[in-house]
Structure formats: C-alpha cells, structure tokens
Amino acid sequence: MQIPSLSTLKKELQQKESNELIELILHLSKLSKDNKTYLFFKLFDTEDSRLFIDTLKEELEAAFYKANTSNYYLAKKSAQGIRKILNKNLKFTRDPIAKIELISFFCQQMQGFGYLEFRHPVIENLYSLQVGKVEKLVEKLHEDLQYDYRDTLETLRNPIG
C-alpha cells in the first residue's frame, strides 16, 4: 500500500462532514499517547501556552528526581532519557519562547543535579548541544526578547564557576 501525499489527504478531509472528522480525530488520539498529547495541547495551547510549559517542566523535574546519578554511566543514560522526553514534547509547540524556556530549564536542571560535575564527554556534548539550540532560537527572536534571554544564555554558556 502506498501512502498518499498530504495534499491528497487534505482534499479528502475537506470532503468529510464534521462528525466524521471528529470520529477520525478521536480514533487517531486513541492510537498513541503522542497523538492524544498533541491533540490536547493543540486544543488548549491557544488559550494558555503556560499550561504546556508548566506541565512539561513538572514532568522533566520528576524525571530528574527519579534519575540515578550514582556514577557517570547511569547519569549519562538518565540525561539521555530525559532529553528524549524533552525532544518528544518540543514537537508539540512551534512557539520559540516556549522552546527556549524548556531547553533552558533542562540545562539548568542538569547543572543543579550535578550532571556536569562528572566531566564525561557524552554528558558535556549533550549539554552543549542543548545550549546551542537555545542560542539558535534566541538569535531568531526580536532584539528586545534577545536582551531578555541574554542572562539566561550566559548562565548556560558558563555552567561552572
């Protein structure tokens, strides 16, 4: 079976009635937790974008508290797992400010929970990649907003000291 193009799907969806579309969307949301989460945030994100940010921050913080950092190997695996949660959820928003806040939060938690003290190359690379993402996102913002995030960015660039 060949998957049709997005334009073909769009044309078919435009021909459906609203009840059929609702049933289709509900069925999609039942197929995976990601679909359900995406639908939830798309429905409610327009009203309150802070809801998405706060919910994800709580989830990330809980993951950091559960993480095992008794040695560098376990800390590395924990950090990679938490980053995977972050990246999966970042797909749900297009708001660059939300992305900056969430990635910065992840980096601050890595600092706070002592991940960088292991001086392990994988952990340091993971951290620096996230800081690089923040830098790229901040560069795309308006100058006034860039100024607001300058302190945060400096803190992330110089984690120890």
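Please read all numbers here as calculations on a predicted model, not as lab measurements. Quick note: residue numbers are just sequence positions, from 1.
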Near Leu6 CG, under 6.0 Å, is it more than 12 heavy atoms from other residues, nucleotides or ligands?
no
So if you build clusters from Ile, Leu, Val, Met, Phe, Trp, Tyr with side-chain heavy-atom gaps below 4.5 Å, do Ile85 and Val122 land together?
no
Are side-chain heavy atoms of Asn87 and Lys133 found at a separation under 4.5 Å?
yes
When you look at CD of Glu17, are more than 12 heavy atoms from neighbouring residues, nucleotides or ligands closer to it than 6.0 Å?
no
Heavy-atom check, side chain of Leu141 versus side chain of Ile97, under 4.5 Å:
yes
Rounded to the nearest 0.5 Å, what separation is found between the OG1 atom of Thr93 and the CD atom of Glu101?
10.5 Å
Within-4.5 Å side-chain heavy-atom neighbours: Leu31 and Lys36
no
Quick check: do Leu39 and Asn35 have side-chain heavy atoms less than 4.5 Å from each other?
no
Non-hydrogen atoms of Lys140 and Gln146 that approach each other most closely
N-NE2, 4.4 Å
Ring center gap for Phe64 and Phe106 short of 6.0 angstrom:
yes
Within one Ile-Leu-Val-Met-Phe-Trp-Tyr cluster: Tyr65 and Tyr115, side-chain cutoff 4.5 Å
yes
Is it the case that more than 12 heavy atoms not belonging to Tyr38 sit under 6.0 Å from its OH atom?
no
Close side-chain approach of Met110 to Ile123, heavy-atom, < 4.5 Å:
yes
For a quick test of your reading: what N or O donor-acceptor pairs under 3.5 Å do the side chains of residues 68-77 make, sequence neighbours left out?
unit_1	atom_1	unit_2	atom_2	d
Asn68	OD1	Ser70	N	3.0
Asn68	OD1	Ser70	OG	2.9
Asn71	OD1	Tyr73	N	3.1
Asn71	OD1	Leu74	N	2.9

Residue Glu154 excluded, over 12 heavy atoms near CD under 6.0 Å
yes
Separation of Asp34 CG from Ser29 OG (nearest 0.5 Å)
12.0 Å
Starting from the C-alpha separation in whole Å, work towards a yes-or-no answer on side-chain contact (heavy atoms from CB on, under 4.5 Å) for Leu60 and Lys57.
CA-CA 5 Å; Leu60 292 174; Lys57 279 184 178 181; 5.6 Å; no
Is the shortest heavy-atom distance from the side chain of Thr155 to the side chain of Gln108 under 4.5 Å?
no
What I'd like to find out is whether the side chain of Gln130 reaches to under 4.5 Å of the side chain of Leu86, using heavy atoms alone.
yes
Glu23 side chain reached by Lys16 side chain, heavy atoms, under 4.5 Å:
no
Could you grab the distance from atom CG of Leu137 to atom CD1 of Ile100, nearest 0.5 Å is fine?
5.0 Å
Starting from Leu51, can I reach Ile53 by hopping between I/L/V/M/F/W/Y residues whose side chains sit under 4.5 Å apart?
yes
Under the side-chain contact (heavy atoms from CB on, under 4.5 Å) criterion, do Val131 and Ile103 qualify, and how do the steps go?
CA-CA 8 Å; Val131 172; Ile103 297 171; over 6 Å; no
When rounded to the nearest 0.5 angstrom, what is the spacing between NZ in Lys91 and OG1 in Thr37?
10.5 Å
Check whether any side-chain N or O of Ser128 sits under 3.5 Å from a backbone N or O of Asn125 as a donor-acceptor pair, and report yes or no.
yes
Please tell me whether Leu116 and Phe113 are part of a single hydrophobic cluster in this structure, the criterion being side-chain heavy atoms less than 4.5 Å apart.
yes
Taken in chain and number order and not counting sequence neighbours, the residues that satisfy side-chain contact (heavy atoms from CB on, under 4.5 Å) with Glu124 are Arg119
Same hydrophobic cluster for Phe118 and Leu129, using side-chain heavy-atom links shorter than 4.5 Å among ILVMFWY?
no
Given Ser104 and Tyr149, is the side-chain contact (heavy atoms from CB on, under 4.5 Å) satisfied, shown in steps?
CA-CA 10 Å; Ser104 298; Tyr149 288 104; 5.8 Å; no
Between Tyr127 and Gln111, is any side-chain donor less than 3.5 angstrom from a side-chain acceptor?
yes
Rounded to the nearest 0.5 Å, what separates atom CG in Asn19 from atom CG in Leu24?
12.5 Å
Would you please test Leu102 and Phe52 for side-chain contact (heavy atoms from CB on, under 4.5 Å) and show each step?
CA-CA 10 Å; Leu102 291 168; Phe52 172 72; 3.6 Å; yes
Set out, in order, the CA-CA distance, both residues' side-chain angles and the distance that settles side-chain hydrogen bond (donor to acceptor under 3.5 Å, both in side chains) for Thr8 and Ser5, then state yes or no.
CA-CA 5 Å; Thr8 306; Ser5 66; 2.9 Å; yes
What's the spacing between His27 NE2 and Ile22 CD1 if we round to 0.5 Å?
16.0 Å
